[in-house]
Every structure is written in structure tokens, then in C-alpha cells.
Amino acid sequence: MMMTARPKNFSDLLQISGLSHGTGIWLNNGETLIKEGICTIDTIIGTRDSIMLYLLHRGLPPTYAFKIMESVRKGKGLTQEFEDVMREHEVPEWYIASCKKIKYMFPKAHAVAYVMMSFRLAYYKVHYPAAFYATYFTTKAQDFDADLIVKGLDSIKQKIQEIHELGNDATAKDKTMLTVLEVALEMYARKIKIIPVDIYKSDATKFIVVDDTTILPPMIALQGVGENAAINIQNERENGEFISKEDLRKRTKISKTVVETLSNHGSLNNMSEKNQLSLF
């Protein structure tokens with residue numbers, strides 16, 4: 001739709017939003033009109049409001065303009081009376097035909113809200129990429145696999161390929177992870193990396209921007225570390241360093257599985273198993 005319509009300004013993006021959310025408004029309708037050169041993205045019907053405003057501009061009485069808009073946006077098409085009034089005011093035949101194909105239309109106010117939100121996201125993604133990715137991954141933390149993603153581009157590409165090869169056998173979890181991996185791939189391509197989870201610096205649930213090229217994942221980004229365990233570690237570390245894995249378990253009440261997950265990830269490097277120290 002974007003390639004065909006070639007939007008050039010904000011109002012064109014509103015049209016795109018309306019077209020993409022409507023039914024019977026783009027395929028075999030607006031798309032064809034643009035490709036045949038009959039009209040452009042700014043002149044085709046995009047949102048329900050544009051019908052009434054266009055008809056008022058053509059000189060139709062307000063009552064007719066409103067009723068025609070309501071009939072079209074509900075998918076009821078045009079009555080003969082509506083068509084006659086439109087022709088009396090020199091509304092083009094392509095416009096009348098287009099109205100008759102529409103089944104549902106998006107209100108312009110909704111299109112404005114959607115485009116403004118998308119525009120803001122795009123702005124931050126371009127100008128503050130690290131903050132954008134940290135915020136995005138925080139909303140997807142439960143589906144994030146820090147063990148995998150911290151390994152970089154090659155590991156991410158390999159996992160994406162594995163999920164694609166599953167085809168219809170891919171689970172809902174696989175599909176959710178695929179979306180996260182694709183964003184992570186894009187992030188690494190933009191020279192922004194994820195560093196390993198740090199039990200003293202990582203937040204329990206939020207990704208932290210270290211600098212313009214580095215993001216620190218939260219403890220729950222490790223598959224196998226639950227939110228309660230992560231919060232317990234975050235709270236207990238305020239009382240001093242953990243002198244051993246045994247000390248970590250006792251003070252935070254986390255399971256052996258969580259300790260093993262943290263250890264395998266490298267978050268407990270140089271931490272002894274027990275509190276006792278061997279002299280030999």
C-alpha cells in the first residue's frame with residue numbers, strides 16, 4: 001500500500017491508516033484508481049469523514065452529505081436518490097463507483113490517533129534507538145531470551161531460521177519469540193548490543209540503557225528466572241554482596257534452578273558454592 005500510494009506528508013499517512021483499516025476501500029478500489037492514474041493518495045476516499053467534507057465542497061446539502069457518508073461507511077452503498085443528487089452536483093463517476101464498493105470505513109479521528117502514535121514511535125526509533133529498544137523489550141521481557149540474544153547476530157539469525165523451518169509446527173511461544181528476535185536482529189544491525197545479566201546492576205523487570213550502544217537486560221529476561229525471584233534478588237542485594245551461591249539462595253529464597261540459570265549465563269562468575277572457605 002505504501003509503495004503504491006507513495007505518501008509524501010502527514011495527511012497522506014492519515015489516508016493510509018484509513019485505507020488499511022477499512023474494508024472494500026483499497027483492493028479493487030482505491031489501489032486500482034491510483035494505478036490507473038485516475039486519482040492520487042490525497043484524492044481517493046480514505047476515511048468516512050472525507051466523504052461528507054468532499055460532498056459539502058461539491059455543494060451538496062449538509063443533510064445529504066451526512067446521510068451518504070453514513071450509508072457508505074456502514075457498507076450500505078448508495079440509493080438511487082443519493083446517486084442522482086451526487087450527479088446533479090457533478091460528483092465524478094469514479095467517486096460514485098468507489099462509494100458503492102466500500103463495506104466499512106475508519107473514522108478520521110482514529111486515523112489521526114494511530115498515525116500520531118506511529119510517528120512518535122518512529123521518531124524515537126530513529127533518534128533515540130537505545131531507549132526505544134530498551135522500552136520495547138521491557139514490554140516483551142517474558143518472551144526475551146537473554147542467553148540467546150546476548151550471543152549476537154549469528155545466534156539470532158540461526159534461531160530465526162530454526163523457527164521458520166518449523167512452519168506450521170511452530171508454537172505460539174515460537175511465533176512470539178520470532179517477533180522479539182526480529183527486533184533484536186534489527187537492533188544489532190544498528191550496532192546496539194545486549195550485555196549479560198548482572199545480579200548487582202540489572203533491574204528485576206526493566207531493560208536499562210547503559211549508553212548509546214549498550215543495553216542491560218533485567219533478570220527476568222533469562223528464561224527460568226521468574227519475576228518474584230528477580231525482585232527478591234534486587235531487594236536483597238541492597239543488604240550487601242552475596243558471598244556464595246548458598247548465601248544467595250538463603251537470602252533470596254530462590255530455587256536451585258534459578259541459581260543454575262544465573263550461573264550458566266555467567267551472572268555468578270567467581271562466586272563459590274558454599275559459605276565455607278577451603279584453606280587447602
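It should be emphasised that the depicted structure is a prediction, and the values quoted were computed from it without experimental measurement. The basis for the numbers below is simple: all heavy atoms, side chains too, and nothing from hydrogens, waters or symmetry mates.
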Ignoring hydrogens and angles, tell me if any N or O in the side chain of [X] forms a donor-acceptor pair with the backbone of [Y] under 3.5 Å.
{"X": "S20", "Y": "I16", "result": "yes"}
{"X": "K151", "Y": "I156", "result": "no"}
{"X": "D174", "Y": "T171", "result": "yes"}
{"X": "H21", "Y": "A111", "result": "no"}
{"X": "T138", "Y": "K206", "result": "no"}
{"X": "R6", "Y": "M3", "result": "yes"}
{"X": "E246", "Y": "E273", "result": "no"}

What pair of heavy atoms forms the shortest contact from I215 to A130, and how long is it?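 Nearest heavy atoms, I215 then A130: CD1-O, 3.5 Å.
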Identify the heavy atoms of K201 and I208 that sit nearest to each other, and give their distance.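 Nearest heavy atoms, K201 then I208: O-CD1, 3.7 Å.
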Indicate whether any N or O donor in one side chain lies under 3.5 Å from an N or O acceptor in the other, for [X] and [Y].
{"X": "S263", "Y": "K245", "result": "yes"}
{"X": "D84", "Y": "Q80", "result": "yes"}
{"X": "N264", "Y": "T261", "result": "no"}
{"X": "S98", "Y": "N29", "result": "yes"}
{"X": "Y200", "Y": "E241", "result": "no"}
{"X": "D211", "Y": "T214", "result": "yes"}

So, are [X] and [Y] salt-bridged, with charged N and O less than 4.0 Å apart?
{"X": "K125", "Y": "E186", "value": "yes"}
{"X": "E260", "Y": "K256", "value": "no"}
{"X": "E93", "Y": "R87", "value": "yes"}

For a 4.5 angstrom cut-off between non-hydrogen side-chain atoms, does [X] reach [Y]?
{"X": "V72", "Y": "K76", "result": "no"}
{"X": "I254", "Y": "V259", "result": "yes"}
{"X": "F137", "Y": "I149", "result": "no"}
{"X": "L78", "Y": "I68", "result": "yes"}
{"X": "F242", "Y": "I199", "result": "yes"}
{"X": "Y136", "Y": "F207", "result": "no"}
{"X": "F132", "Y": "M187", "result": "no"}
{"X": "Q15", "Y": "P7", "result": "no"}

I would like to know whether K157 and L181 meet side-chain contact (heavy atoms from CB on, under 4.5 Å); could you show each step before the answer? CA-CA 8 Å; K157 288 179 180 178; L181 290 172; over 6 Å; no
Between T205 and D203, does the side-chain contact (heavy atoms from CB on, under 4.5 Å) criterion hold? Intermediate values first, please. CA-CA 6 Å; T205 60; D203 189 81; 3.6 Å; yes
Parallel, tilted or perpendicular: which fits the ring planes of Y104 and F106, with parallel below 30° and perpendicular above 60°?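 Y104 and F106: perpendicular rings.
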Side chains of residues 44-62: which donor-acceptor partners sit under 3.5 Å, not counting sequence neighbours?
| unit_1 | atom_1 | unit_2 | atom_2 | d |
| --- | --- | --- | --- | --- |
| R48 | NE | M105 | O | 3.3 |
| R48 | NH2 | M105 | O | 2.7 |
| D49 | OD1 | K108 | N | 2.8 |
| S50 | OG | T47 | O | 2.5 |
| Y54 | OH | R58 | NE | 3.1 |
| Y54 | OH | R58 | NH2 | 3.3 |
| R58 | NH1 | E90 | O | 3.1 |

Not counting sequence neighbours, which residues clear ring pair (Phe, Tyr, Trp, His ring centres under 6.0 Å) with H89? List them please.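 Residues passing ring pair (Phe, Tyr, Trp, His ring centres under 6.0 Å) with H89: none at all.
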Yes or no on salt bridge (charged side-chain N to carboxylate O under 4.0 Å, His left out) for K253 and E236, after CA distance, side-chain angles and deciding distance? CA-CA 10 Å; K253 305 297 189 294; E236 190 57 36; over 6 Å; no
